[in-house]
Amino acid sequence: MPEGHLTCTSMPLGFLVVFSETGSQVTLEEFQDWYNNEHVPLRMNYLKSFLTGARFSAADSLKPTWLALYDINDISTFHHESYTRLRANRSHREAALVVRLEVLDRRTCEVLSDSGMSPVSSSLASSNPTTYIVTHGINVGSDGSIDDWTKDAFEKLRNVKGWVRTRSFKCTDNLKTGTSVAGNGPEEQIVSKYFILHEFENSSAPDSPEFNSIVASRERFDTVERRSWNLYRAYPGIAQGNMPE
């Protein structure tokens with residue numbers, strides 16, 4: 001039966017970001033079978049707190065190659081036993097696979113701002129998911145504010161043809177593991193404090209001069225880790241009551 005605690009309206013909405021790279025020790029077939037048939041179903045089928053789940057593949061030929069995104073009912077989920085036990089009690093299969101991945105970069109976030117849903121897409125939900133996204137971090141200078149960046153961006157993005165939705169998040173915790181990370185210093189764990197997700201109707205929209213000027217680094221705001229992604233799969237779930245019949 002689906003589990004999970006009820007949404008606490010006083011808590012910010014949560015968001016989970018996971019970058020991954022298989023590397024030489026895990027085949028793509030093994031990775032996909034684990035992700036599609038074990039890892040995601042354990043969350044989407046049993047936890048009401050996981051509202052959506054979608055995976056994307058790199059559209060820019062950069063690494064990591066894979067990105068998973070999940071809308072979470074509130075940030076307290078990240079510390080709730082219904083979720084933490086999934087990592088504490090991993091299957092032998094998952095435990096053996098995770099240590100062989102080249103990169104597993106997990107970031108828990110809280111939602112800061114949202115331009116709003118669009119009628120052209122269900123965003124990360126499985127009914128009519130967004131098929132192309134751009135992600136990046138924002139480093140804010142000492143005299144800047146992420147609220148200033150998002151307010152300015154939201155106003156200008158409405159003029160970008162093919163733009164669907166943009167959200168900003170604050171990273172509250174992160175952990176990067178993998179065969180390429182082991183033995184590296186603490187600087188390996190440093191990530192941008194703010195994570196930005198842009199959704200588009202197609203892959204050509206983010207190439208426009210209008211969009212590039214909005215996300216370009218400028219005084220007080222440094223854009224980092226800009227990536228482009230194609231939708232691989234948006235997952236329905238028993239816990240969300242949207243499994244196909």
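Just the heavy atoms: all of them, side chains too, but no hydrogens, waters or symmetry mates, feed the values below. Remember, it's a predicted structure, so these values are computed and weren't measured experimentally.
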Are [X] and [Y] close enough that some pair of their side-chain heavy atoms sits under 4.5 Å apart?
{"X": "Val17", "Y": "Thr135", "answer": "no"}
{"X": "Arg107", "Y": "Val191", "answer": "yes"}
{"X": "Lys170", "Y": "Pro12", "answer": "no"}
{"X": "Glu199", "Y": "Ser121", "answer": "yes"}
{"X": "Trp66", "Y": "Leu28", "answer": "yes"}
{"X": "Val181", "Y": "Gln189", "answer": "yes"}
{"X": "Tyr232", "Y": "Asn36", "answer": "yes"}
{"X": "Glu30", "Y": "Leu97", "answer": "yes"}

Should the pair Asp152-Lys156 be classified as a salt bridge under the 4.0 Å nitrogen-to-oxygen rule?
yes
Check for a donor-acceptor pair, side chain of [X] on one end and backbone N or O of [Y] on the other, with a separation under 3.5 Å.
{"X": "Asn45", "Y": "Ile238", "answer": "yes"}
{"X": "Arg87", "Y": "Tyr83", "answer": "no"}
{"X": "Asp148", "Y": "Lys151", "answer": "no"}
{"X": "Ser122", "Y": "Asn128", "answer": "yes"}
{"X": "Gln240", "Y": "Phe50", "answer": "yes"}
{"X": "Asn242", "Y": "Gly237", "answer": "yes"}
{"X": "Ser228", "Y": "Ala59", "answer": "no"}
{"X": "Ser115", "Y": "Thr166", "answer": "yes"}

Measuring from Leu112:CG to Asp147:CG, what's the distance to the nearest 0.5 Å?
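CG of Asp147 is found 7.5 Å from CG of Leu112.
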In Å, rounded to the nearest 0.5 Å, how long is the span from CH2 of Trp163 to CG of Leu157?
5.5 Å
Which atoms form the tightest heavy-atom contact between [X] and [Y], and what is the distance?
{"X": "Ile75", "Y": "Glu110", "value": "CG2-CB, 3.5 Å"}
{"X": "Pro64", "Y": "Ala58", "value": "O-CB, 4.2 Å"}
{"X": "Ser168", "Y": "Ile196", "value": "CB-CD1, 3.6 Å"}
{"X": "Arg100", "Y": "Gln25", "value": "NH1-O, 2.8 Å"}
{"X": "Ser126", "Y": "Ala234", "value": "CB-O, 3.7 Å"}
{"X": "Leu13", "Y": "Asn73", "value": "CD2-O, 3.1 Å"}

Listed by chain and number, what are the salt bridge (charged side-chain N to carboxylate O under 4.0 Å, His left out) partners of Glu155, not counting sequence neighbours?
none
Determine which pairs satisfy ring-ring contact (aromatic ring centres under 6.0 Å, His included) with at least one residue from residues 120-144, sequence neighbours left out, and list them in order.
His136-Trp149, His136-His198
Please assess Val134 against Phe211 for the test side-chain contact (heavy atoms from CB on, under 4.5 Å), listing each intermediate value before the final yes or no.
CA-CA 11 Å; Val134 171; Phe211 177 72; 4.2 Å; yes
Do the side-chain N and O atoms of Arg165 and Ser123 include a donor-acceptor pair separated by under 3.5 angstrom?
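Looking only at side-chain atoms, Ser123 and Arg165 do form a donor-acceptor pair, the distance falling under 3.5 Å.
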Side chains of Ser91 and Glu38: do they bring a donor and an acceptor to under 3.5 Å?
yes
Can the positive tip of Arg55 be found less than 6.0 Å from the middle of the six-membered ring of Tyr35, inside 45° of the ring normal?
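Satisfied, under 6.0 Å and within 45°.
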Criterion side-chain contact (heavy atoms from CB on, under 4.5 Å) on Thr65 and Thr22, from CA distance to verdict:
CA-CA 8 Å; Thr65 305; Thr22 57; over 6 Å; no
Sequence-distant partners of [X], ring pair (Phe, Tyr, Trp, His ring centres under 6.0 Å), two or more places apart:
{"X": "Phe15", "value": "Phe169"}
{"X": "Tyr194", "value": "none"}
{"X": "Phe56", "value": "none"}

Hydrophobic clusters here meaning ILVMFWY residues chained together by side-chain heavy-atom distances under 4.5 Å, can you tell me if [X] and [Y] are in one?
{"X": "Leu47", "Y": "Val40", "answer": "yes"}
{"X": "Tyr235", "Y": "Ile72", "answer": "yes"}
{"X": "Leu86", "Y": "Leu101", "answer": "yes"}

Please identify which of these residues, Asp71, Thr150, Asp114, meets the side-chain hydrogen bond (donor to acceptor under 3.5 Å, both in side chains) condition with Arg167.
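Of Asp71, Thr150, Asp114, side-chain hydrogen bond (donor to acceptor under 3.5 Å, both in side chains) with Arg167 is met by Asp71 alone.
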Begin with the C-alpha distance, continue with both residues' side-chain angles, and end with the deciding distance and a verdict on side-chain contact (heavy atoms from CB on, under 4.5 Å) for Leu104 and Val18.
CA-CA 7 Å; Leu104 188 64; Val18 185; 3.7 Å; yes
Start with the C-alpha gap between Glu210 and Asn159, add the side-chain angles, then the distance that decides, and say whether side-chain contact (heavy atoms from CB on, under 4.5 Å) holds.
CA-CA 8 Å; Glu210 292 81 7; Asn159 297 318; over 6 Å; no
Please list all pairs meeting side chain to side chain donor-acceptor pair (under 3.5 Å) that have one or both residues in residues 171-180, counting only residues at least two apart or in different chains.
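Only Thr108-Thr172 qualify under side chain to side chain donor-acceptor pair (under 3.5 Å).
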